[in-house]
Each structure stands twice: as C-alpha cells, then as structure tokens.
Amino acid sequence: MAVVFQRTAGLTDAETHYCPGCTHGIVHRLVGEVLVELGVLDRAIAVIPVGCATLAYDYFNCDVQQAAHGRAPAVATGIRRVLPDRVVFAYQGDGDLASIGTAEIVHAAHRSENITVIFINNAIYGMTGGQMAPTTLVGQKTTTSPLGRDPRLAGEPIRIAEMLAQIPGASFVERVACDSPPHVKAAKRVIRRAFETQLAGEGFALVEVLSTCPTNWGLEPVDALAWVRDHMIPYYPLGNLRDPKKDAAARGGVRPEE
Amino acid sequence: MARVLMKGNEAVGAAAIAAGCRHYFGYPITPQSELLEYMSVHLPKVGGVFLQSESEVAAINMCYGAAGAGARVMTGSSSPGIALMQEGISYLAGAELPSVIVNIVRGGPGLGGIQPAQSDYHQSTRGGGDGDYKLLVYAPSTVQEMAELVALAFDKADEYRNPVMIVGDGMLGQIMEPVEIVERPPDPALPPKTWATTGTRDHPGSRSIINSLFLKPEVLEHHILDLFAKYERMREREVLVEEYRVEDADLVVVAYGTTARIVKSAIAALAAEGVRVGLIRPITLFPFPAESLRRLPDRVANLLVVEMSMGQMIDDVRIANEGRRTVHFLGRTGGMIPLPQVIADTVRHILAEHHAGDVPHVSVGDEKGGR
Amino acid sequence: MHNERIIIAGFGGQGILTMGQLLAQAALDEGRQVTWLPSYGPAMRGGTANCNVIVDDAPIASPVVHGDATSVLIMNVPSMKFVADLVPGGFALINTSMVNTRVERTDVRAFYVPATELAVAAGDLKTTNLVMLGAFTEMTHCVGSASVLHALEAKLGGAKAHLMDANRRAFALGAEAIAAQEGAAHRPTEPSVPR
C-alpha cells in the first residue's frame with residue numbers, strides 16, 4: 001500500500017499548543033519538510049522567538065535556542081559565526097521581528113548573515129492576547145486599538161519584506177500566504193528556496209508568511225483564511241522581491257566576485 | 001611571553017585570546033573601546049571571529065547564540081552599555097550559558113560621564129536583569145591581575161555554566177602597566193559541552209535545547225533552586241580576597257579595584273606615622289568575602305569602606321559585619337578619584353573621634369578630596 | 001636611576017601620551033616598576049592631554065599623581081597649573097616655545113627649554129617631545145638615555161626607522177639645554193615622596 005501522507009521527521013511527535021485554525025502549524029510543517037528534503041535536519045539549529053512560537057523548541061525536531069524578544073537574528077548570528085557549516089534559521093512573529101526586533105533584523109540583513117528567517121505576519125500580537133502589532137491593518141480592531149487602527153495615531157502598517165528588500169545584503173526576500181492549498185504549496189517552494197540560498201552561502205534570506213490568528217481576530221478558522229485573502233494580501237502583496245538568481249540575471253549572469 | 005607594557009583594555013583582549021576565546025561581539029564605548037579595537041586586529045590572526053554589533057543589545061545576544069553553540073565567547077562594554085546588556089545577561093544566566101562580560105565602569109546615572117567609577121557594583125552583583133540569578137564577578141586591581149582573572153573567568157564560566165563578569169573602573173581600562181600574558185588553554189578537566197546546539201548529528205537521539213522559559217511555576221522554582229545550589233557552591237569555593245596588614249590593624253579599610261591601590265598608598269603613609277591600618281580587598285564581588293570581615297581581630301572596632309560611588313559595596317560589608325563594628329564610608333563619585341591624603345585624613349579622624357557604637361563617619365564629594 | 005612621579009601635560013597632538021609611554025617602556029626595560037595613566041576624554045583634537053607616569057623600585061600602589069609629583073613636564077600655558085602638584089624640591093620642565101610665563105613657586109626647581117625650536121633645529125618639528133624627554137632624562141636621571149632611545153626605536157619599528165636620526169638629535173639637544181643650565185647635571189637630594 002502506497003503511503004500518501006505521513007508525519008514529517010522534521011517535527012517532533014509533540015502535540016502543538018496552537019489554537020484551532022492557526023497557521024503556525026502549517027508553517028512549522030513546511031519548514032520541517034524542507035529540512036528533511038534538503039537532508040539538513042541533523043545539522044539544523046532553530047532560533048525561536050518570544051510570542052506564540054516560543055514553545056516551538058518542543059516541535060522542531062532539531063537543536064533549538066530560545067531567544068529574547070526580537071533578538072533571534074542576533075542569536076542566530078552568534079550561532080552562525082561559531083558553526084559556519086550548519087544550517088541556522090530564525091522563526092519570528094510580527095511583534096518580535098517587526099516591532100521590538102527591527103534593529104536586529106535590519107542589521108542581520110545588512111551583514112547578509114548566512115541565515116534563513118521565517119517571519120510570521122498575522123497582523124496582531126497573539127501570545128499576549130490580541131494587541132495591535134506594527135502589521136495591524138488600518139481600521140483593524142485589537143485590544144489596544146479598540147476603535148480600529150488609526151494611522152494618524154499609530155502610522156501605517158509596516159511592510160517588512162519591502163523594507164528589507166531595499167538592503168543590499170538581503171539576498172532573498174519573498175512574501176507568501178497560508179490561506180489556500182495553492183498558496184501553501186507555493187510557500188513551501190519559497191521556504192525551500194530560502195534555505196537553498198543559505199546552503200549556497202548566498203547570505204540573508206527571509207520569507208514573510210501571511211498567517212491567521214482566528215482567536216484574536218474573533219473569526220472562525222475558515223473566515224480567518226478568507227480575511228487573509230480579502231484584507232491582508234491586498235495590502236501585503238505576494239511575490240518575490242529579492243533572489244540571488246534574479247540579481248545575477250540582472251547583472252548579466254555574473255556575480256560581482258566572478 | 002615576557003612582561004610588556006599594555007593598556008588594561010588591551011591586556012583583557014590578549015588574555016582572552018590566550019585563554020582560547022575565539023569569538024568577540026561588541027559595540028564601541030569610552031573608556032572600553034581599546035578592547036574592541038584590540039580584538040578586531042588580533043582575533044582574525046588566530047582564526048577567530050570579531051564582529052562589531054549594531055548595539056550592546058545585539059552583542060550580548062550574539063554571545064548567547066555563540067555560547068549556546070559551544071564557543072568561548074566574550075563581550076565588553078562600559079556602564080550604560082552594560083545596562084543595555086542586562087536583558088541578555090539574565091537570559092544567559094537563565095539558560096546557563098558560559099560567557100565572559102567585561103565592564104570598564106564609568107560614572108552614571110544616564111549618560112553620566114566617562115571618567116572612572118565604581119557605581120556599577122549593584123548592577124554587577126545584584127543581577128541587573130530580571131529574576132533570581134547571580135554572576136561570578138571578578139574585580140581586579142592591576143593590569144596583571146586583570147589578565148589572570150580573565151583567563152580564570154573563562155574556565156569558571158565553563159565549569160559553572162554561568163556568565164562571569166570582570167569589573168574594572170575606567171582607570172584600569174586605560175592604565176598601562178607591565179603585564180605577562182600566559183597561554184592558558186581551557187582546563188582539560190572541564191567536561192565537554194554536550195549540551196551545545198551543534199546539530200543532532202553530534203548527539204543522535206537527543207536534541208539540545210537552550211532555553212530559559214519554564215511556564216510551570218513548580219518547574220521554574222526547581223530550576224532556580226538548582227541555580228542557587230550552584231551559587232552556593234561558588235560561595236564555598238570561589239571567594240578570592242586580599243587581606244593586607246589586617247593582623248595588627250587598629251582599623252580596616254574595605255575597598256576593591258583601583259580604589260584599593262589608592263588605599264594602600266594611604267596605608268603606607270599612615271604606617272610611617274605609626275597608625276596601623278589594614279585592607280580587605282574583595283577580588284570576587286560575588287561571592288563576597290564575608291568571612292574575611294567576620295574573622296577580623298576583636299580589636300578592630302571600625303571599618304572604613306572606600307568606593308568610587310555613593311556607597312554600593314558598603315551594603316555587602318554591612319551584611320557581612322552583622323552590626324559588630326562601626327562601618328564608616330568615604331566615597332567619591334561621578335568620575336572623581338579619592339586621594340591617599342584624604343583617605344589617610346579620614347582614618348585619622350575616625351581613630352581620633354570614633355569608637356565602636358558611635359555614629360559612623362560619612363564623607364562624600366568633599367571639595368578637595370579627589371582628582 | 002631613581003624613583004619619579006611625573007605629570008606630562010599639554011595639548012592633544014603634541015605627543016604627550018607617547019612621551020609618557022616611552023618613559024614607561026624605558027623604565028620597564030630597566031627592570032623597574034612602572035605605571036602610565038592617561039587622562040582621557042572625548043576623542044577630539046586640540047583638547048588638553050596629560051598623563052601620569054610613576055617609576056619605582058617597589059610595586060606601585062596608587063597610580064594617580066596628584067599633589068605629590070616629583071617632576072612636571074609642561075608643553076602649554078594651561079598646563080602650568082600642574083606646577084602646584086610638585087612636592088617641594090620637585091622639578092618643573094617648561095617648553096618655552098609654547099609657554100611665556102615663569103614658574104612662581106620658589107620651593108621647586110624650574111628648567112626652561114625652547115623645545116619646539118630645538119626640534120626644528122634637529123630637523124623635524126615633530127621631535128619636540130624627544131627634546132623634552134632628553135631634557136627630562138638629563139634633569140632627573142630617572143632612566144638612562146639609551147633606554148629611552150631604544151624604546152623609541154622599538155616603537156617606530158622598521159617602517160619609520162628613518163625618523164630615528166632626527167629624534168636622536170632632538171633628544172641630545174634637549175639634554176644639552178639642561179646641562180647648560182646651572183646646577184642641573186646633579187640633583188642634590190631626592191625629594192621625599194609619599195607612596
């Protein structure tokens with residue numbers, strides 16, 4: 001009998017604590033599958049954030065360091081500089097990466113640290129109970145923007161992928177979404193590409209994943225997926241912003257050092 | 001290696017490299033930048049990694065990652081920069097990661113000044129970050145001693161899986177003295193770092209996890225009790241102290257770092273006129289050498305604490321003293337340095353005016369008292 | 001060769017800190033105990049610069065020289081304030097190319113050397129600090145001349161070895177300027193120095 005579906009060895013057998021309908025589980029799985037398919041699980045080190053994914057040290061089936069809030073890129077830098085032949089990735093949410101950790105992510109990109117960053121954008125603080133994030137959409141109600149995000153007070157939502165793509169050292173930057181099976185399949189290809197960038201020694205790679213938070217959005221899981229499609233994707237367009245292959249093509253296929 | 005003339009900051013770097021440190025992460029700040037500059041030149045020569053971070057916050061977290069990956073790692077800064085690192089230091093302590101942190105102290109609070117100070121005693125010994133934890137804290141008083149303590153710090157950090165801090169005032173960072181740097185590779189008796197996150201291929205069947213999160217209170221309490229058992233072992237085994245002329249002293253001064261050297265000059269001047277003064281110089285600030293104070297001869301009725309601060313170590317002196325002797329204080333702060341003449345005058349005044357049980361003598365910030 | 005507690009003071013850029021380091025290195029090479037403590041400030045050119053150097057046969061306790069200096073080397077007018085730090089009988093060495101005032105204290109011995117002019121005569125304005133060191137060495141005999149020049153040679157290294165000739169001339173001119181001043185060659189008694 002053919003096996004058509006099975007657990008990935010990239011994740012442990014632990015049951016996750018994520019809410020029903022949360023897409024963290026999907027992204028964990030994609031990362032785990034990619035690590036297995038690339039044959040690097042046993043030399044991977046994950047750096048996990050403060051936020052809903054803090055407990056991911058129980059889920060990723062590899063060595064893990066838990067980092068202080070926003071500091072995962074600095075911790076990943078420390079690991080990378082000690083272990084140049086390992087695979088190092090940071091997994092961060094939008095409070096962690098886009099708010100308190102902006103300095104660390106910007107400078108990791110500037111140094112083109114040879115790491116892969118998985119950035120979960122669900123437009124809200126999940127773990128602390130639904131407060132406004134830098135990524136919260138205009139008009140979106142949260143526990144700290146009860147009348148909806150007011151851009152005159154809080155500014156416009158921050159587009160991290162576009163911001164980082166301006167940095168010369170940000171070798172690979174792409175935004176994907178988890179709202180539909182085709183998008184999930186595309187997300188896996190992109191995550192794989194981000195790890196391949198690291199394995200090729202091509203420097204900093206970041207994948208922004210538009211995700212759901214049904215609990216704090218106050219939506220049913222299916223409606224949350226629709227909200228990603230109808231509200232998030234229009235403001236946070238999907239697509240690749242930087243890729244070493246594209247950059248090489250733009251330079252006539254010649255890397256500067258060649 | 002022969003004795004060479006080196007700045008304190010540079011000697012720290014040389015001693016660290018001689019002790020097998022191959023990773024340094026840091027950010028510029030006066031009066032400590034020579035350490036950063038030294039490492040940028042000399043670490044690459046031995047195949048090491050020097051990285052100038054975007055902030056002290058990032059530097060200490062890079063140390064966390066590197067320590068978790070099994071490296072001998074160091075960072076350094078001065079007071080306001082150390083304040084920024086405190087979050088990361090708390091994480092290092094919580095996750096039990098060995099690392100060496102150098103604080104070349106300047107005056108605060110806030111931006112303060114850049115001249116020598118000892119006003120980071122609390123920040124160093126009380127755990128400047130959140131939670132119940134301790135660092136092993138060394139306070140050298142000469143460049144040679146600083147170099148030796150840096151080497152010891154790496155071994156102790158590994159032995160206890162705990163961050164270790166070297167505290168020197170700005171003078172100790174900037175002064176040049178003859179120093180001999182001795183190659184001191186890691187103690188072979190240290191256990192291998194099987195807990196490091198180097199990938200499961202290095203430890204099949206188990207995953208290494210570096211973490212300070214324990215959501216269940218009973219589990220966190222257990223973790224903290226384990227940490228404190230470790231700190232208790234430090235109290236039993238790691239105290240370092242210099243006791244100088246205490247046997248026949250009429251009064252004993254307690255001072256550390258460069259201040260203790262200045263006190264020694266005062267003691268020499270007083271001895272010339274027949275006044276017998278001793279010195280207790282804590283070399284470890286944690287664990288504090290309380291026993292040295294407890295076992296002083298009964299004839300010592302007065303203790304004088306001299307610090308380049310408004311009085312921080314004096315708290316530990318009072319705790320150790322348990323009310324037995326009168327504790328007096330002489331402090332200069334904000335970058336001012338107490339002078340031997342003023343210390344000697346204070347001692348004469350105390351011996352002339354005070355006996356056990358009297359109101360302590362407190363002198364701070366007197367116009368002529370410092371440089 | 002005897003013990004000294006020295007303050008060297010002037011403008012940043014005059015080689016004040018280097019003078020102190022050469023002196024300290026020379027003393028170290030002679031097997032003495034030594035400390036060199038700089039005043040430090042924001043890294044800006046043109047500010048004041050000074051350093052304390054202590055040379056001793058015994059281990060040095062306090063590295064700070066304040067009110068107990070045995071020698072002061074003064075390279076600009078504002079630094080004349082350090083004359084107040086001399087112990088009675090101490091030596092003040094003044095670069096008269098930069099300082100047009102005299103030492104008012106009568107209980108110290110003052111020596112005046114046009115160090116900048118002598119440096120130009122030696123062939124290089126930048127050797128002013130070597131003129132001062134030559135003068136200091138002759139004035140105090142704290143360290144040997146050969147030790148100071150050896151320390152300089154080591155500091156310059158191969159790439160700057162061609163600068164040694166001018167520096168040697170400057171050092172000699174400084175020493176001669178002191179020898180020419182009355183009673184300078186021999187110091188009658190060592191000032192009492194509290195340690």
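Labels below follow one simple rule: chain letters A, B, ... track the order of the sequence lines, proteins then strands, and each chain is numbered from 1.
Taking the side chain as every heavy atom from C-beta outward, B/Ile209 and A/Asp63 never approach each other to under 4.5 Å. Proximity of A/Val82 to B/Arg72: side-chain heavy atoms (C-beta onward) are nowhere separated by under 4.5 Å. Between B/Glu87 and A/Arg71, the closest side-chain pair of non-hydrogen atoms falls below 4.5 Å. Side-chain contact check for A/Tyr57 versus B/Ile210: every heavy-atom pair is 4.5 Å or farther apart.
With a 6.0 Å radius and a threshold of 12 heavy atoms from other residues, nucleotides or ligands, B/Tyr27 has its OH atom at or below the threshold. Surrounding NE2 of B/His222 are at most 12 heavy atoms belonging to other residues, nucleotides or ligands under 6.0 Å away. Within a 6.0 Å radius of CD in B/Glu221, other residues, nucleotides and ligands contribute 12 heavy atoms or fewer.
Annotation: residues 156-175 of chain A contacts chain B through no residue [non-hydrogen atoms, separation under 4.5 Å]. For residues 13-28 of chain A, heavy-atom neighbours of chain B at less than 4.5 Å comprise no residues at all. Residue-level contacts of residues 54-61 of chain B with chain A, in order of numbering, are B/Glu54, B/Ser55, B/Val57, B/Ala58, B/Asn61; threshold 4.5 Å between heavy atoms.
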- request: Apply side chain to side chain contact (heavy atoms under 4.5 Å, CB included) to B/Thr198 and A/Leu83, showing your working.
  value: CA-CA 7 Å; B/Thr198 58; A/Leu83 302 169; 4.2 Å; yes

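One finds the CD atom of A/Gln65 at 13.0 Å from the OH atom of B/Tyr91 (value rounded to the nearest 0.5 Å). Atoms CG and NE2, on A/Asp42 and B/His203 in that order, are 10.0 Å from each other to the nearest 0.5 Å. One finds the OG1 atom of B/Thr200 at 7.0 Å from the CG atom of A/Asn61 (value rounded to the nearest 0.5 Å). Here the straight-line distance linking atom OH of B/Tyr64 with atom CD1 of A/Ile79 works out to 9.0 Å at 0.5 Å rounding. Rounding to the nearest 0.5 Å gives a distance of 10.5 Å between CD of B/Gln52 and CZ of A/Arg111. Note: A/Leu41 CG to B/Arg201 CZ = 10.5 Å, rounded to the nearest 0.5 Å.
Proximity to chain B is limited to the backbone of A/Ala67, based on heavy atoms less than 4.5 angstrom apart. There is no contact between B/Ala67 and chain A, counting heavy-atom distances below 4.5 Å. Looking at A/Val50, only its side chain comes within 4.5 Å of chain B, counting heavy atoms on both sides.
Salt bridge B/Asp202/A/Arg86: present, at least one basic N to carboxylate O contact under 4.0 Å.
For B/Ile224, the side-chain contact (heavy atoms from CB on, under 4.5 Å) test picks out B/Asp132, B/Leu220, B/Phe228, with sequence neighbours left out.
Distance alone, capped at 3.5 Å, places no donor-acceptor pair between the B/Asn211 side chain and the A/Gln66 backbone. Put simply, the side chain of B/His23 gets close to the backbone of A/Arg81: a donor and an acceptor are under 3.5 Å apart. At least one donor-acceptor pair under 3.5 Å links the side chain of B/Arg207 to the backbone N or O of A/Cys62.
Among B/Val73, B/Leu215, B/Val49, B/Leu51, the residue making the largest number of heavy-atom pairs under 4.5 Å with chain A is B/Leu51. When each of A/Val75, A/Val87, A/Val40, A/Thr12 is checked for heavy-atom pairs under 4.5 Å with chain B, A/Val75 comes out on top.
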